[in-house]
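One structure is given below, encoded as structure tokens.
The first residue in the sequence is number 1, and the count goes up from there.
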Amino acid sequence: MEQMQIDIKVNFFSYFKDLTECESTVLQLPQGTNLDQALIIIRQQYPKMEGMERSTLAAVDLEYVAKNHILEAGEEISLFPPVQTMTQV
């Protein structure tokens with residue numbers, strides 16, 4: 001029996017758009033895929049994201065969730081670089 005696939009939209013923000021050369025994409029993932037597994041697939045498809053593993057903020061439907069969150073059809077992953085602030089000396 002073939003495993004069901006779900007579509008998950010991925011949105012890239014800030015300089016992640018430059019690294020991926022797109023604002024968003026849609027992944028077809030096996031049902032039961034969690035956020036951490038999806039992030040691994042994203043880094044495989046967009047190798048320039050590989051070095052961003054520790055500094056990527058990920059949200060599902062605009063809420064921060066645990067990496068073991070099971071994705072459901074129609075949810076959206078949003079990937080943000082860390083917020084950087086400038087301080088004056």
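Here Phe13 sits in one hydrophobic cluster together with Leu57, Tyr64, Phe80; the rule is ILVMFWY side chains under 4.5 Å apart, joined directly or through other members.
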Pairs of donor and acceptor atoms involving the side chains of residues 20-44, under 3.5 Å and at least two apart or interchain, shall be tabulated with distances.
residue: Thr20; atom: OG1; partner: Phe16; partner atom: O; Å: 2.9
residue: Thr20; atom: OG1; partner: Cys22; partner atom: N; Å: 3.4
residue: Thr20; atom: OG1; partner: Cys22; partner atom: O; Å: 3.0
residue: Gln28; atom: NE2; partner: Asp7; partner atom: OD1; Å: 3.4
residue: Thr33; atom: OG1; partner: Pro30; partner atom: O; Å: 2.6
residue: Asn34; atom: OD1; partner: Asp36; partner atom: N; Å: 3.1
residue: Asn34; atom: OD1; partner: Gln37; partner atom: N; Å: 2.8
residue: Gln37; atom: OE1; partner: Asn34; partner atom: N; Å: 2.8

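The minimum heavy-atom distance linking Pro81 with Ser14 is given by the pair CG-CB, 3.5 Å.
For residues 59-75, the set of pairs meeting the salt bridge (Lys or Arg N to Asp or Glu O under 4.0 Å) definition, not counting sequence neighbours, is empty. For residues 17-42, the set of pairs meeting the ring-ring contact (aromatic ring centres under 6.0 Å, His included) definition, not counting sequence neighbours, is empty.
Atoms CE and CG, from Met49 and Leu79 in turn, are 5.0 Å apart once rounded to the nearest 0.5 Å.
Listed by chain and residue number, nothing satisfies the side chain to side chain donor-acceptor pair (under 3.5 Å) test with Glu50 (two or more places apart in sequence, or in another chain).
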Might you work through the side chain to side chain contact (heavy atoms under 4.5 Å, CB included) test for Met52 and Tyr46, ending with a clear yes or no? CA-CA 11 Å; Met52 301 288 113; Tyr46 299 97; over 6 Å; no
